[in-house]
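Here's the structure, in structure tokens; my notes come after.
Quick note: residue numbers are just sequence positions, from 1.
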Amino acid sequence: MFKGLGGLGDMGKMMKAAQEMQGKMESLQDDLRAITVTGESGAGMVRATSTAKGELVGLDIDPSIFNADEKEVVEDLILAAIKDAQQKASDKSQEEMRKLTEGLGLPPGMKLPF
């Protein structure tokens with residue numbers, strides 16, 4: 001009659017594990033907002049700083065590149081630095097997620113929603 005009740009303990013463990021994972025995911029989200037990466041272009045003449053969540057938080061441009069005749073070059077350097085920062089942010093985020101999922105015993109490459 002109560003044959004299936006043995007599985008309730010397993011269900012409780014699964015629920016607890018799910019709650020722990022949710023807490024770790026929230027913590028990771030906070031960590032990603034605090035981690036910064038810097039992308040650069042033009043041999044460091046343009047630097048873009050981003051959080052690991054991909055939010056651009058800083059831009060540093062060497063004043064020597066400001067020349068009215070080279071406006072397009074400057075724009076390209078700025079875009080390249082931002083793209084580099086975004087790629088580094090994405091890579092860092094994936095690295096941190098990989099650390100979390102390995103610790104939880106989840107299969108490698110498992111995508112979790114953000």
Side-chain angles (χ1 to χ4, degrees):
M1 177 176 201
F2 296 108
K3 187 176 183 180
L5 288 180
L8 289 178
D10 291 340
M11 180 65 89
K13 287 180 187 178
M14 285 178 22
M15 292 300 290
K16 184 176 180 181
Q19 288 175 339
E20 287 176 10
M21 184 168 71
Q22 182 179 7
K24 288 181 180 181
M25 290 293 290
E26 289 172 3
S27 176
L28 176 61
Q29 293 299 312
D30 291 339
D31 292 346
L32 293 176
R33 286 183 191 92
I35 295 171
T36 58
V37 295
T38 300
E40 60 181 54
S41 66
M45 296 182 80
V46 177
R47 291 190 172 125
T49 303
S50 170
T51 68
K53 288 285 289 176
E55 178 185 350
L56 188 64
V57 294
L59 186 63
D60 181 40
I61 304 171
D62 186 315
S64 69
I65 68 170
F66 291 112
N67 179 344
D69 297 333
E70 297 183 9
K71 178 182 179 288
E72 288 180 16
V73 172
V74 173
E75 291 170 346
D76 289 343
L77 289 172
I78 292 169
L79 288 174
I82 290 170
K83 287 178 182 179
D84 187 38
Q86 289 173 330
Q87 182 60 53
K88 288 179 179 179
S90 176
D91 292 346
K92 187 65 173 177
S93 178
Q94 289 176 12
E95 176 187 333
E96 295 297 318
M97 180 57 71
R98 200 169 21 257
K99 289 178 189 176
L100 176 65
T101 57
E102 286 172 1
L104 295 172
L106 298 174
M110 181 174 178
K111 303 254 187 225
L112 295 175
F114 272 109

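- L56 and I35 are assigned to two separate hydrophobic clusters, defined by single-linkage of ILVMFWY side chains at heavy-atom distances under 4.5 Å.
- Residues satisfying the side-chain contact (heavy atoms from CB on, under 4.5 Å) test with V37, not counting sequence neighbours, are S50, K88, A89, K92.
- Separation of atoms NZ (K53) and CG (D30) is listed at 9.5 Å; rounding is to 0.5 Å.
- Checked against side-chain hydrogen bond (donor to acceptor under 3.5 Å, both in side chains), E55 has no partners two or more places apart in sequence or in another chain.
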Would E70 and I65 count as a side chain to side chain contact (heavy atoms under 4.5 Å, CB included) if you check the C-alpha gap in whole Å, the side-chain angles of each, and the deciding distance to 0.1 Å? CA-CA 8 Å; E70 297 183 9; I65 68 170; over 6 Å; no
Validation: residues 72-87 side-chain donor-acceptor distances under 3.5 Å, sequence neighbours left out:
| residue | atom | partner | partner atom | Å |
| --- | --- | --- | --- | --- |
| E75 | OE2 | K71 | NZ | 2.3 |
| D84 | OD2 | E40 | N | 2.9 |
| Q87 | NE2 | D91 | OD1 | 2.8 |

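- Scored by the side-chain hydrogen bond (donor to acceptor under 3.5 Å, both in side chains) test, E95 finds no partners at all (sequence neighbours excluded).
- With values rounded to the nearest 0.5 angstrom, E96 atom CD is found 6.5 Å from L32 atom CG.
- Contacts of D62 classified as side-chain contact (heavy atoms from CB on, under 4.5 Å), with partners at least two apart in sequence or in another chain: M45, S64.
- Counting Ile, Leu, Val, Met, Phe, Trp and Tyr side chains that sit under 4.5 Å apart, directly or through other members, V57 stands alone, with no cluster partners.
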